[in-house]
Number of protein chains: 2
Amino acid sequence: MTKVRIEEVAARAGVSAITVSRVLRAPEKVTPETRARVQAAVDAMGYIPNLMARSLASRRSGIVAILVPTVGNSIFSETVRGVSDAIAPGGLQLLIADFGYSDESIATLLRTLIGRQPDALVMVGVMRDKALRRMLGALSIPVIETWELTEDPIDTVVGFSNAAAGAAVAEHLLAGGRRRFAFAGGRDQRATARAEGFAAALAKAGVAAPLRAWTGPIRFAEGRLALDRILAEAPDIDALFYATDVLAVGGLLECQRRGIAVPERIAIVGLGDLDIASELSPGLTTIQVPAYEIGRRAGEIIVARLSGAADEERLVDLGFSLVVRESS
Amino acid sequence: MTKVRIEEVAARAGVSAITVSRVLRAPEKVTPETRARVQAAVDAMGYIPNLMARSLASRRSGIVAILVPTVGNSIFSETVRGVSDAIAPGGLQLLIADFGYSDESIATLLRTLIGRQPDALVMVGVMRDKALRRMLGALSIPVIETWELTEDPIDTVVGFSNAAAGAAVAEHLLAGGRRRFAFAGGRDQRATARAEGFAAALAKAGVAAPLRAWTGPIRFAEGRLALDRILAEAPDIDALFYATDVLAVGGLLECQRRGIAVPERIAIVGLGDLDIASELSPGLTTIQVPAYEIGRRAGEIIVARLSGAADEERLVDLGFSLVVRESS
DNA sequence: CTGAAAGCGCTTACAG
DNA sequence: CTGAAAGCGCTTACAG
């Protein structure tokens, strides 16, 4: 297939290139007869418009860029799916990049994404870097930060309060009579916020600061190892909050294996409400977060803005909810 | 930020646009002094090349398009990650689209992806539709089909034999003395191939055909429901093969809940070797598939081909392995 | 080693 | 309702 260009379709239909272009983008502006003739030529020749050329000429790329910590199995793929579902009907396409949880590569990735002239940008997380904030703010396209909240978004932020989630877990565990706490999670912004909210609520209640266990890449095994380390260091811990469900499930299963009674001897709480959380016995108490909804809402905001809607709120708090099951 | 164009950078550096372009793409062709002057201008002005214009002029988009059943939590995201890891060093970007397991939307999605002039295309699955096969074949870019095998790929296929995997499970279960079999899974090509391989091996051994349970969207709950239906219909089933681990885990947990002894009363086998398969007790016997490696290899083939390497094999069988744990 | 000209394949803005 | 001209921001291919 030597690629068909718009001029060739036009020649076949006996019209000009602009008319073909109109039939494809705004058919109502063309008489039915012309339209039919052009459409027939398009179909016969298998013409597929070159979107690169269209983007360059129209200054509209039709691309939404999304930057995620990892394009792998994880709760973020639900957010990606939400964005995809929201923008697909509008004919927008998704350009995806992952920074592998490595903050250094963010600047480079962002520049490459921006070079592609996206009509909007979605990122998991809130950008702290001043220079990058300035660069993104100057882009004059919708820039949606997600999965956290901030009073000062670059443009718009869609998420929930990770600190409040941590506090809600602390209050729940305190109400259940727990007194010796631990927190296990990684070093990223969101886990840190959850840990801080958790610790602050505990401090307010006058109990000892939680033991902090650091985890590596998010996998079930990391949750298991964190549990082992925590119990080795402080055997009397009676409540453990994991930054995410994957870790919590690993910890819960390890308890089953070691014969540690949950929730009697130790309460376990996660965050994310993965499908599996409710399938285990005991079921995992967890913070349910609107992962899909965050993406969906981000996508909807983008579609609205691109079709000329005025900016809505700059801060969209989608909240979270504590789902109490048998593990606490 | 009013966008900076290459002409403006050139003016500031006192050179022509082509020289700026060279500094960015082939710096060794420019004298060190000129290079430094241009680079300084680029940095000072925060110039980011317009990749749409570059793509149009160079007829190289730098984009790899990937079509997946769903951009959600699933084993395919490992494949996406593999592709991403392999192509990122080469500066290629990933345009992703999902067809939500709905075959009708594939043609439309494919045309939009192709309109973006990708330098290569990866798809999960093997394309059967004749017209689409012809269209993709005529594209003159690498087209990699994955997750299955076929003697007649459009271009190159990277995967493993789903039928052989099903047969391997059957043989393992037969060797363990099982005699009354069931299979649970969806209607997609891969699940179907697994079911067929499983049934064929059973037929060869002279045992009764397996009971077939159909499942919906892949979730733990679907595995649980399939188990319930199977045992209601045929209480004497002693071996159950699920098309994927998510379903199998759901079934395994349901057995625990209902007090059905695994593997004594019923053996359960999955496919995928998700992290959680080894964390459960009993551990889940499963077929380990090279999900990440499939993507990685597809990406490597693309990178090699785009840099002028001759075609390697058109059929890359990455195999699978049976991981026997306690559930069978 | 550097640059002027032409062109990539569309759409915009203006006419008629 | 339809089209001729100009231009989107780069790179290719050729000169010098």
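Here the structure is a predicted model, which means the values were calculated and not measured. Numbered from 1 within each chain, the chains take letters A, B, ... in sequence-line order.
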(message) If you assign each of E28(B) and A53(B) to its closest nucleotide in DNA chain C, which residue comes earlier from the 5' end?
(response) E28(B)
(request) Whenever both distances are under 3.5 Å in a Watson-Crick or G-U wobble pair, mark it; put DNA chain D into dot-bracket that way, with [ ] for crossing pairs and | when the partner is on another strand. (result) |||.||||||||.|||
(request) Choose from dT2(D), dC10(C), dT11(D) the nucleotide whose nearest atom is closest to any side-chain atom of A57(B). (result) dT11(D)
(request) Please state how far atom CE in M52(B) lies from atom C1' in dT11(D), giving the value in whole angstrom units. (result) 16 Å
(message) According to side chain to side chain donor-acceptor pair (under 3.5 Å), does anything in residues 124-133 of chain B pair up with another residue at least two apart or in another chain? List the pairs.
(response) R128(B)-E148(B), R128(B)-Q189(B), R133(B)-D152(B)
(message) Using a heavy-atom cut-off of 4.0 Å across all strands, would you classify S55(B) as base, sugar-phosphate, or nothing?
(response) nothing
(message) How many whole angstroms separate atom CG of L51(B) from atom C1' of dC10(D)?
(response) 10 Å
(message) By nearest atom, which of the nucleotides dG3(D), dC10(C), dC10(D) is closest to the R22(A) side chain?
(response) dG3(D)
(message) Can you tell me which nucleotide in dT2(C), dG3(C), dG9(D) comes closest to the side chain of V15(B)?
(response) dG3(C)
(request) Considering only NZ, NE, NH1 and NH2 on the basic side and carboxylate oxygens on the acidic side, decide whether R296(B) and E300(B) come within less than 4.0 Å. (result) yes
(request) Between S58(B) and T19(B), just flag the one whose closest nucleotide in DNA chain C comes earlier from the 5' side. (result) T19(B)
(request) Measure the distance from CG on L56(B) to P on dG7(D) and round it to the nearest whole Å. (result) 17 Å
(message) On the nucleotide dT2(D), are OP1 or OP2 found under 4.0 Å from the side-chain N or O atoms that S16(A) carries?
(response) no
(request) Ignoring backbone atoms, establish whether R25(A) has a side-chain N or O less than 4.0 Å from OP1 or OP2 of dT11(C). (result) yes
(message) Can you identify which nucleotide, out of dA13(C), dT11(D), dG9(C), has its nearest atom closest to the I18(A) side chain?
(response) dA13(C)
(request) Identify which nucleotide among dC8(C), dT2(C), dT11(C) has an atom closest to any side-chain atom of T31(B), counting heavy atoms from C-beta outward. (result) dT2(C)
